[in-house]
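Here is the structure we will look at, set down as structure tokens.
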Amino acid sequence: MQEKSVITSTIETARGVFAPGHLGELTQIVDFALVDAVLEETGRREKRLRLLPSRVVVYFVLALALFEHHSYRTVWSKLTAALTPLALVRPAVSSLTRARRRVGAAPLRRLFETLAGPVPRAGQAGSFYRGLRTVAVDGTLLHTPDDETLTWRYPKRAGESLEFGYPLLRLLAWSSAAPARS
């Protein structure tokens, strides 16, 4: 009892599946305290103790976005790979689906609104020019289907005597600069 009454720099947390802990690289970027605050704000925190807490479901959905071409099981394995010493339950795909439905989109939308935005602050060298945020513009060329409904607008490449290849669509992504805020 005496050991517990002394102020120390040691923080005790739950262990195992209920740990707030480290679910890979994602928790270094998106802090679990932020995820908990967003869940509380949106009213999506679980009302009873679950094997798939809402916090874990949020990280799972973020991992799904990173590994979009992988199955639920594969993404779950990637998400929990560093936690192999713990006796973790491997949930069924249907459990993960129900958990996603239970948590919904509101916490992820709020998390995006909180984290999205420019990283540099006003006054930081190179981030503003004459009161406008500097931006980068990037473009690419996409092949479109060889169809008359498109070739009138997006012509094929032309050589000296013939057209060849697929029509090309020039795609440019650009975000307008916003005025500097102090």
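- When side chains are defined from C-beta on, Phe32 does not count as touching Val58, because their heavy atoms never get closer than 4.5 Å.
- Pro145 approaches Pro167 most closely through the heavy-atom pair O-CG, 3.8 Å.
- For residues 104-115, the pairs satisfying salt bridge (Lys or Arg N to Asp or Glu O under 4.0 Å) are Glu41-Arg110, Arg110-Glu113, with sequence neighbours left out.
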CA sep, side-chain torsions, deciding dist, call: Val103, Val61, side chain to side chain contact (heavy atoms under 4.5 Å, CB included): CA-CA 10 Å; Val103 170; Val61 173; over 6 Å; no

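- Here CZ of Arg170 is found 11.0 Å from CG of Leu142. Values are rounded to the nearest 0.5 Å.
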Can you list the steps and then say if Tyr59 with Val30 is a side chain to side chain contact (heavy atoms under 4.5 Å, CB included)? CA-CA 9 Å; Tyr59 283 112; Val30 182; 4.2 Å; yes

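- Within the model, atoms CD of Glu40 and OG of Ser54 stand 10.0 Å from one another, a figure rounded to the nearest 0.5 Å.
- Side-chain contact check for Leu52 versus Arg102: some heavy-atom pair is nearer than 4.5 Å.
- Between Glu46 and Arg55 there is no side-chain heavy-atom pair separated by less than 4.5 Å.
- Across all non-hydrogen atoms, the minimal contact from Arg73 to Pro91 is NH1-O, 4.4 Å.
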Evaluate the side chain to side chain contact (heavy atoms under 4.5 Å, CB included) criterion for residues Leu62 and Leu108: first the C-alpha distance (whole Å), next the side-chain angles of each, then the deciding distance (0.1 Å), finally the verdict. CA-CA 9 Å; Leu62 292 174; Leu108 293 155; 4.2 Å; yes

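- Partners of Ser71 according to the side-chain hydrogen bond (donor to acceptor under 3.5 Å, both in side chains) rule, which considers only residues two or more places apart in sequence or in another chain, are Thr74.
- Looking at heavy atoms from C-beta onward, Thr97 lies in side-chain contact with Arg101 at the 4.5 angstrom threshold.
- Inter-residue side-chain proximity for Leu66 and Val75 is flagged as unmet; no heavy-atom pair is nearer than 4.5 Å.
- Here the closest non-hydrogen pair linking Val38 and Pro107 is CG1-O, 3.1 Å.
- Residues Trp76 and Val93 fail the side-chain proximity criterion, which asks for heavy atoms closer than 4.5 Å.
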